[in-house]
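Numbers here simply count residues along the sequence, with the first being 1.
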Amino acid sequence: MAGHSKWANIQHRKGRQDKARAKVFSKLSKEITIASKMGGPDPDMNPRLRLAVANAKGQSMPKDNIERAIKKGQGGDVEEYFEIRYEGFGPGGVGLIVESSTDNKNRAASDVRAAFSKNGGNMGETGSVSFMFDQVGEIRFPLSIGDEEAVLEAAIEAGADDVAHEEGGEDEEGEHVIYCARDALAEVSEALQARFGEAKSANIIWKPQNLIEVDGDKAATLMKLMEALEDLDDVANVYANFDISDAEMDKLAS
């Protein structure tokens with residue numbers, strides 16, 4: 001998914017990786033807490049928690065942080081969380097899907113709307129963007145697990161539908177990205193992890209059916225919109241169907 005990899009590379013080159021990593025840990029902890037609260041503290045009996053813990057481990061999140069987040073979900077003072085999807089458009093007609101986990105619907109909606117309006121975008125109705133995406137399972141492994149042919153063969157055997165390979169940033173390793181049917185994520189990821197070890201992540205994502213090329217001022221404004229949305233505490237994930245050339249990406253990162 002070009003939008004994902006190019007966005008990650010821009011973040012890395014702009015030196016935001018430390019801030020982004022702290023944000024990743026915060027969101028992983030929140031997801032573990034919500035999963036623990038909703039389905040119990042035992043990952044073996046709680047598929048959502050099992051997935052959240054696996055993703056946290058894939059990002060090298062300390063074990064103590066994981067256990068603390070699980071315990072927090074069992075405490076009586078944890079707020080009720082609502083999961084809401086927002087859809088909208090950015091510069092150049094790029095479609096964005098914003099997934100939110102929030103204990104305050106009004107705050108989340110207001111913050112997301114403000115991020116769109118201040119950065120060249122506008123909110124849309126539910127369904128106005130999501131029809132341009134497919135919900136699929138996505139499993140990510142570092143490129144070091146094996147060559148493209150070996151990973152492709154293993155992925156097909158495990159029941160995956162497609163495999164992509166993304167190059168990393170200057171000091172960041174690239175990734176094998178395996179796509180599968182939404183309902184097959186657990187089965188496929190378990191089969192691949194049995195062969196290659198722990199995945200960096202395994203999630204249900206919104207994968208764009210087609211990509212929209214953006215450049216110049218539109219690309220710069222779109223990156224500001226993405227950054228503003230991802231910085232919101234209530235936002236869990238942002239998906240977009242943009243494509244930016246490598247040359248344009250170098251300009252944005254400089």
Side-chain angles (χ1 to χ4, degrees), residues 1-24 26-27 84-102 108-136 138 140 164 166-170 172 174-175 177 179 201 203-254:
M1 188 163 65
H4 173 97
S5 59
K6 290 180 185 293
W7 167 244
N9 284 345
I10 288 169
Q11 293 288 83
H12 187 273
R13 293 189 193 188
K14 287 174 68 178
R16 295 187 77 247
Q17 59 266 41
D18 290 342
K19 181 181 177 183
R21 186 173 181 78
K23 198 74 177 176
V24 166
S26 174
K27 292 186 177 183
I84 308 166
R85 185 179 83 237
Y86 304 99
E87 301 180 26
F89 295 90
V94 169
L96 292 100
I97 296 176
V98 182
E99 292 181 334
S100 168
S101 295
T102 181
S110 175
D111 287 349
V112 171
R113 185 174 287 107
F116 270 101
S117 64
K118 291 177 182 178
N119 295 282
N122 59 280
M123 295 274 282
E125 297 293 326
T126 300
S128 61
V129 172
S130 54
F131 77 94
M132 297 186 286
F133 292 69
D134 296 316
Q135 259 200 316
V136 301
E138 179 199 73
R140 290 178 171 267
E166 294 183 354
E167 297 301 321
E170 294 173 3
E172 197 170 70
E175 295 174 338
V177 188
Y179 298 108
S201 68
N203 292 297
I204 301 293
I205 66 151
W206 290 92
K207 185 173 183 284
Q209 296 164 0
N210 297 288
L211 298 174
I212 297 171
E213 289 188 23
V214 288
D215 55 22
D217 290 343
K218 288 181 180 178
T221 305
L222 176 62
M223 291 301 98
K224 289 179 182 176
L225 172 57
M226 293 281 291
E227 192 171 314
L229 288 168
E230 290 201 342
D231 278 346
L232 295 175
D233 289 337
D234 288 324
V235 169
N237 299 295
V238 182
Y239 303 99
N241 61 351
F242 68 86
D243 190 18
I244 298 175
S245 71
D246 291 338
E248 190 67 38
M249 189 174 75
D250 288 337
K251 288 183 194 174
L252 293 170
S254 62

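Of the inter-residue distances, the one linking Ile204 atom CD1 with Gln135 atom CD reads 6.5 Å to the nearest 0.5 angstrom. For the atom pair CG (Asp231) and CG (Asp111), the distance works out to 11.5 Å, reported to the nearest 0.5 Å. To the nearest 0.5 angstrom, Asn241 atom CG is 8.5 Å from Ile97 atom CD1. The CZ atom of Phe116 lies 9.5 Å from the CD atom of Glu87; values are rounded to the nearest 0.5 Å. With rounding to the nearest 0.5 angstrom, the OG atom of Ser100 is 8.5 Å from the CG atom of Leu232. Taken from CG in Asn119 to CE in Met223, the straight-line distance is 11.0 Å, to the nearest 0.5 Å.
For residues 212-222, the set of pairs meeting the side chain to side chain donor-acceptor pair (under 3.5 Å) definition, not counting sequence neighbours, is empty.
Counting heavy atoms from C-beta outward, Glu138 and Val177 have side chains that approach closer than 4.5 Å.
For Gly95 against Phe89, the heavy-atom pair with the smallest separation is CA-CD2, 4.3 Å. The two residues Ala115 and Leu225 make their nearest non-hydrogen contact at O-CD1, 3.3 Å. Among all heavy-atom pairs drawn from Ile212 and Gly93, the shortest one is CD1-O, 3.4 Å. Between Ile244 and Ala219, the closest heavy-atom pair is CD1-CB, 4.2 Å. Of all heavy-atom pairs spanning Ala164 and Tyr179, the tightest one is CB-CE1, 4.3 Å. What you find for Ala108 and Tyr86 is that their closest heavy atoms are CB-OH, 3.6 Å.
No donor-acceptor pair closer than 3.5 Å links the side chain of Glu166 to the backbone N or O of Glu175.
Applying the side chain to side chain donor-acceptor pair (under 3.5 Å) rule to Ser128 yields no partners; only residues at least two apart in sequence or on another chain are considered. Judged as a salt bridge (Lys or Arg N to Asp or Glu O under 4.0 Å), and not counting sequence neighbours, Asp134 has no contacts. Residues satisfying the salt bridge (Lys or Arg N to Asp or Glu O under 4.0 Å) criterion with Glu99, sequence neighbours excluded, are absent altogether. Every residue was checked against the salt bridge (Lys or Arg N to Asp or Glu O under 4.0 Å) condition with Arg113, not counting sequence neighbours, and none meets it. Not a single side chain to side chain donor-acceptor pair (under 3.5 Å) links Glu248 to another residue, sequence neighbours left out.
Among the candidates Asn237, Val129, Val235, Asp234, the single residue satisfying the side-chain contact (heavy atoms from CB on, under 4.5 Å) test with Val98 is Val235.
Dense packing is recorded around CD of Gln209, with more than 12 heavy atoms of other residues, nucleotides or ligands lying under 6.0 Å away.
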Could you go through Asn210 and Met132, starting from their C-alpha distance and side-chain angles, then the distance that decides it, and tell me whether this counts as side chain to side chain contact (heavy atoms under 4.5 Å, CB included)? CA-CA 8 Å; Asn210 297 288; Met132 297 186 286; over 6 Å; no
